Each structure stands twice: as C-alpha cells, then as structure tokens.
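Contents: one structure, followed by commentary.
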Amino acid sequence: MARPEAPAPRPDLLFRGATVVDGSGAARFRADVRVTDGVIAEIGRPDLGGDPAGARTIDADGLVLAPGFIDMHAHSDLRLLVEPEHPSRVTQGVTCEVLGQDGLSYAPVDDRTLPALRRQIAGWNGDPDGFDWNWRGVGEYLDRLDRGIAVNACYLVPHGTVRMLAMGWDNRPPTPLELDRMRHLLAQGLREGAVGMSSGLTYTPGMYAGTAELVALCEVVAAHGGYHAPHQRSYGAGALEGYAEMVEIARESGCPLHLTHATMNFGVNQGRAGELLDLVDRAIADGCDLTLDSYPYLPGSTTLAALLPSWATEGGPDATLARLADPAVRERIRIEVEEKGSDGCHGVVTDWATVQISGVGNQGLAATVGRTVADLAAERGRGGTEVFFELLLDDGLATTILQHVGHEENVRAIMAHPAHTVGSDGLLVGARPHPRAWGTFARYLGHYSRELGVLTLEETVARMTGRPARRLRLDRRGLIRPGYHADLVLFDPATVRDTATFDRPRLPAAGIEHVYVNGVAVVERGRPTGALPGRALRRTEQGARAL
C-alpha cells in the first residue's frame, strides 16, 4: 500500500495552566502540557519552565485540555474526501472517527457493486458529480484518506458490502463457497487495516444474513483482533431479541461486541432501557467484551426506503423501484407498513406523523424538506403510504428522514452505563440533516453533563476519548500521557454547548477553542484552520496506528 509522505516537523506547543481532564475518568488537575513534534512530551506543574525556543504558548487558564474526541459511529465515508476540512467534526472537538458503519460503505467493491451501492446509500453520503472513485479495496480506500483529511479515521469492513460481492442481493443463506469468499474478503480488509466489521441487519442485503453466517464472519474478525459493530435487526418491537442475538453471536464467535447507536425506540419500548442494560450487564459478567455507543438526541435518522419491508428491497435499487411501480405489490407493502408493522420499521406500524423529510436527491422535491409525510398526505388528500410510495419513486430512493420515536428516560439511562461511549451517527447531506452531525459532543458536555449532571465532566470525557480508544486499540491515543499523540481539544467548560438545531442543523458548537490533530491545529479560537493533518489509523498487531 502507498504510504503518506513523512509530515514536516511541527512547532512545539505549550499549554499554560490548563485544567487537564486526561480521558481516564480520573479527577481533573491543573498543569502545563508541552507538545513536541506532534507528541505530548511533558505534563508538569504550572509554570514548569521557560517557553521552549520557537514554541507557541497557549494561555489555557480556565479552560479544559482533553484528548481529542472519538466519534464511534460516523457516516463521513465520502464527505471526508469531498470536504476534507470536515468542519462538522473539528468544530466540536472530534479528532478521530470510525467509518464503514451499518454494514454499507464503499470498500471492498468491484465495478458491478459500486454503482448500486452509490445509489443505495446516496441518502447517507450523497453521490457527488465528477467524483473520482479510484479505489476498490479497503487498503486503497485508506490510502485515499491518507492524501489529506482534517481528522484521523478508522474503518470497519461492511458486511452488507462484502455480501454483495459474494452473492449479490439474494435473500437466502450463502452456499459454502459464498461464505468462504465472504470470510476471505473480510480477512483481506482486516489485513489491510480495518479495525473490525460492521453489519446492517435492517438494510439490504445484510438483513438477509442468518445468525450462523454472522458467527462465521465474526470468528474471522476475532482472529484478527477486531470487533463487531452491528446495527441489529430491530430497535422497536424486537429490540431486546435483536440485542440478545448480537450477544449470542459474540459468545459463539469469541468476537468483541460494540452495540452501535444503542437505543430503545418507538412506543413499545418507552421506559425499557433497564431491560437492555440488564442484558448488557449479564453478558459482561459472563465474560463478553462488550461496549456500546449512543447519541444525545431523541429522533433517529435514516433513509425513507429503510421503512420498506425486507422482501421489497431484495435484488437492489432497480428491483425495489420496479416493485414500487406495480400496484399489486404496492398494496402488499401498504398492508405491512400500515397494518402489520414492516420489519423495515422495526416491526412497528409506521406513524407518518413521526416521519419528517430531511433531504432529497431530486431538487424538484425540495419543498417537502421539513414536512412530515402525514402533513404532505393531508395537503394532497392522499394516504400517508401513497405519499411514501410517490416520494420513493420520484426521488429514486434517495430521500432521508428524521424519525421522531425516542424517549428521554431511555437516552439518559443508556448514556449513564459504564460500557457507554459516544457516536454521532450523523449524516452530512440533505437540506436539513439531523443536528447530531454538528452537535453531539458539545451536547454531551453542555446539556447532559454541565446542565443536567447525568455524567460528571471526567466521565463524559472518558466516554469520548479513553474508552473508545481502548475499543479501537488505538496506538498511544485517547489519553493525555507523555509519549501519546497530540490529538487534543481545549474547551471552555462554562460555555461549551451545541448550537445546531433541527431548523438550523449546520451550526458549529460553542466553547470549543482549539483542536489539534497529530499536533497540528485544525481549530484555532473557534474557527477551522483548513489544515489536513489526519490519517487513516490502520489496525496492526500492536493496535490501530498511522503507517
């Protein structure tokens, strides 16, 4: 694999009088912190010595110096390449994010699967005109990131993408030869630097995988030192059964488990977070290596097409659109969506008043953004499901939505669990995406820690830094320690907060003063610098590191 050129020497930094929250969960302390050539060189008492020659001194009095934040669930797979300065993340203190989520991303691919993938997840990532798709394998994708990005990035091999390569979009178990090919492709991606495998079990074609298939693949992940990050089969009527299946896969395969965007949504799960956490506690007590992440908001976000029943999406985007054009098939879908509860809507009957359009690919539909499907249906004198069909056909499945189905008591209970880390699950495309893409980390620090006291400042920072770094096996990252890479954030604990809203979702966080990636400033005095010091952090036997 091609390697990035060695970076130029970086000037020394000296943070004077910082309140250090070191990422371990330990109590804060006041110190000077010196950085030399991108590495933390010294942590000492305030006024530890004269300023080193040529060093830049930052007055950190009254500010918190923490390790850079790690986004355990990001959908920036293309955005990092289209807009490498990555303002949505650096302005909230993120210095590393984990890509390849929910079983669908852009490596490994071939000339057959890439075009369909681009269409299928355009609602997550866009599909920019004139973009250079000059990679096919995981290693080549990581090389592309190494050309220059603002933050560091880790990658999960996406199970659904691998399944497409091995057996297309068929709704059936793999043959032994197809399973062997999936295992080979997965192992190759892990050898090329991926940190684990994601799965998307409510998305085509990952939803067609049985438990035995996932166990066989997770055995490969475990053998390469990675972890499994599943978007499990249901966050609604079958949520607890879905979580239990993921734990059983971890037990049978010996693979570490990270429950991504761990939620208990929809009316059937109100007040039931404790049941999930009991399951988590029992699994950990039995020896399961288990962590989870969540975002600090109530609504979820996905594509409108995700609400379709799984059988309706078999065969890929073209087959799906053909079914939607058939009146008889549409009626079958309507019955599942309106009366029975589609598995695409987590086994729950869809309430169109909770489904709000957040983005469209066809700009002729721009007036629908911000409206619920129920509003559009009332305006048009149509049924909600009929409007659903019209939007999917007119937008070629590219529509994204917010789904207002969360419960505050569940959100708070899950974030308080000791296995918890932070993931934004933020989509960066569409006219009005979910504000979690720009506000997640500052919202934890401001709203849930400072204002509500759900977590202490030290615990909040640990869930964003040291704890995810351990899960990812990052090499000398996630803590403030001598010899660790200088991924750092300096923020004002009294003013840090999210400013992004559902009406104005692309507003930067307040109170994030300075952010450094590998010792280079990507934010100074609250403004992005445009610097691109980030790298792909490839998994090795020693841990994930930039090579």
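Note that the coordinates shown come from a computational prediction; the quantities given were computed from them, not determined experimentally.
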Between the main-chain N or O of [Y] and the side-chain N or O of [X], is there a donor-acceptor pair closer than 3.5 Å?
{"X": "Arg183", "Y": "Ala216", "result": "yes"}
{"X": "Asp146", "Y": "Arg535", "result": "no"}
{"X": "Asp77", "Y": "Gly100", "result": "yes"}
{"X": "Ser449", "Y": "Leu455", "result": "yes"}
{"X": "Arg191", "Y": "Leu186", "result": "no"}
{"X": "Gln232", "Y": "Ser234", "result": "yes"}

At what distance, to the nearest 0.5 angstrom, does [atom1] of [X] lie from [atom2] of [Y]?
{"X": "Thr260", "Y": "His231", "atom1": "OG1", "atom2": "NE2", "value": "9.0 Å"}
{"X": "Leu145", "Y": "Leu532", "atom1": "CG", "atom2": "CG", "value": "12.0 Å"}
{"X": "Met264", "Y": "Leu276", "atom1": "CE", "atom2": "CG", "value": "6.0 Å"}
{"X": "Leu537", "Y": "Arg473", "atom1": "CG", "atom2": "CZ", "value": "13.0 Å"}
{"X": "Ile249", "Y": "Met246", "atom1": "CD1", "atom2": "CE", "value": "4.0 Å"}
{"X": "Leu428", "Y": "Arg89", "atom1": "CG", "atom2": "CZ", "value": "5.0 Å"}

On a heavy-atom basis, which atom in [X] and which in [Y] lie closest, and how many Å separate them?
{"X": "Ala500", "Y": "Pro505", "value": "CB-O, 3.4 Å"}
{"X": "Leu277", "Y": "Ala413", "value": "CD1-O, 3.5 Å"}
{"X": "Ser342", "Y": "Gly344", "value": "OG-N, 2.9 Å"}
{"X": "Val429", "Y": "Gly123", "value": "CG2-O, 3.4 Å"}
{"X": "Arg463", "Y": "Pro468", "value": "O-CD, 3.4 Å"}
{"X": "Asp22", "Y": "Gly25", "value": "OD1-N, 4.2 Å"}

Candidate pair Leu307 and Val337, rule side-chain contact (heavy atoms from CB on, under 4.5 Å), full reasoning = CA-CA 8 Å; Leu307 305 183; Val337 169; 6.0 Å; no
Heavy-atom side-chain proximity of [X] to [Y] below 4.5 angstrom:
{"X": "Ser198", "Y": "Asp102", "value": "no"}
{"X": "Leu308", "Y": "Leu392", "value": "yes"}
{"X": "Leu114", "Y": "Arg136", "value": "yes"}
{"X": "Val405", "Y": "Pro299", "value": "no"}
{"X": "Glu97", "Y": "Met72", "value": "no"}

Is the Lys NZ or Arg CZ of Arg144 less than 6.0 Å from the centre of Phe131's six-membered ring, within 45° of the axis?
-> yes
SB check [X] [Y] (cutoff 4.0 Å):
{"X": "Arg412", "Y": "Glu408", "answer": "yes"}
{"X": "Asp170", "Y": "Arg163", "answer": "no"}
{"X": "Glu192", "Y": "Arg539", "answer": "no"}
{"X": "Asp71", "Y": "Arg436", "answer": "no"}

Could you go step by step and tell me if Glu178 and Arg181 meet the salt bridge (Lys or Arg N to Asp or Glu O under 4.0 Å) rule?
-> CA-CA 5 Å; Glu178 289 167 340; Arg181 186 170 185 221; over 6 Å; no
Checking side-chain contact (heavy atoms from CB on, under 4.5 Å) for the pair Gln120/Arg118: CA distance, chi angles, key distance, verdict?
-> CA-CA 6 Å; Gln120 181 173 352; Arg118 288 170 56 182; over 6 Å; no
Ring pair (Phe, Tyr, Trp, His ring centres under 6.0 Å) partners of [X], counting only residues at least two apart:
{"X": "His228", "value": "none"}
{"X": "Tyr297", "value": "His434"}
{"X": "Phe441", "value": "Phe69"}

Taking the inter-plane angle between the rings of His258 and Tyr227 on a 0 to 90° scale, is it parallel (under 30°), tilted (30 to 60°) or perpendicular (over 60°)?
-> perpendicular
Check the pair Glu314, Arg172 against salt bridge (Lys or Arg N to Asp or Glu O under 4.0 Å), reporting the backbone distance first and the verdict last.
-> CA-CA 10 Å; Glu314 182 179 356; Arg172 60 174 175 82; over 6 Å; no
Can you see whether [X] engages [Y] through a side-chain donor-acceptor pair at a distance of less than 3.5 angstrom?
{"X": "Trp311", "Y": "Glu336", "value": "yes"}
{"X": "Asn410", "Y": "Asn269", "value": "no"}
{"X": "His417", "Y": "Asp281", "value": "yes"}
{"X": "Thr400", "Y": "Ser358", "value": "yes"}
{"X": "Asp425", "Y": "His73", "value": "yes"}
{"X": "Thr421", "Y": "Asp293", "value": "no"}
{"X": "Thr440", "Y": "Ser424", "value": "no"}

Show the numbers, then the answer: is there a salt bridge (Lys or Arg N to Asp or Glu O under 4.0 Å) between Glu459 and Arg467?
-> CA-CA 10 Å; Glu459 265 297 301; Arg467 189 172 297 162; 3.5 Å; yes
Pairs in or reaching into residues 268-296: which pass ring pair (Phe, Tyr, Trp, His ring centres under 6.0 Å), with residues at least two apart or in two chains?
-> none
If you look only at pairs with a residue in residues 141-197, which of them pass as a ring pair (Phe, Tyr, Trp, His ring centres under 6.0 Å), with sequence neighbours excluded?
-> Trp135-Tyr141, Tyr141-Tyr155
Check step by step if side-chain contact (heavy atoms from CB on, under 4.5 Å) holds for Thr303 and Ile401.
-> CA-CA 6 Å; Thr303 62; Ile401 61 170; over 6 Å; no
Worked verdict on Glu245 versus Thr211 for side-chain hydrogen bond (donor to acceptor under 3.5 Å, both in side chains) = CA-CA 7 Å; Glu245 181 193 12; Thr211 302; 2.5 Å; yes
Going through the distances and angles, do Tyr243 and Leu259 end up as a side-chain contact (heavy atoms from CB on, under 4.5 Å)?
-> CA-CA 8 Å; Tyr243 285 122; Leu259 297 173; 4.0 Å; yes
Exactly one candidate in Arg470, Arg471, His420 meets side chain to side chain donor-acceptor pair (under 3.5 Å) with Thr291; the answer is Arg471
Validation row, ring centre His261 to ring centre Tyr235 under 6.0 Å | yes
Contacts of Glu241 that satisfy side-chain contact (heavy atoms from CB on, under 4.5 Å) - sequence neighbours left out = none
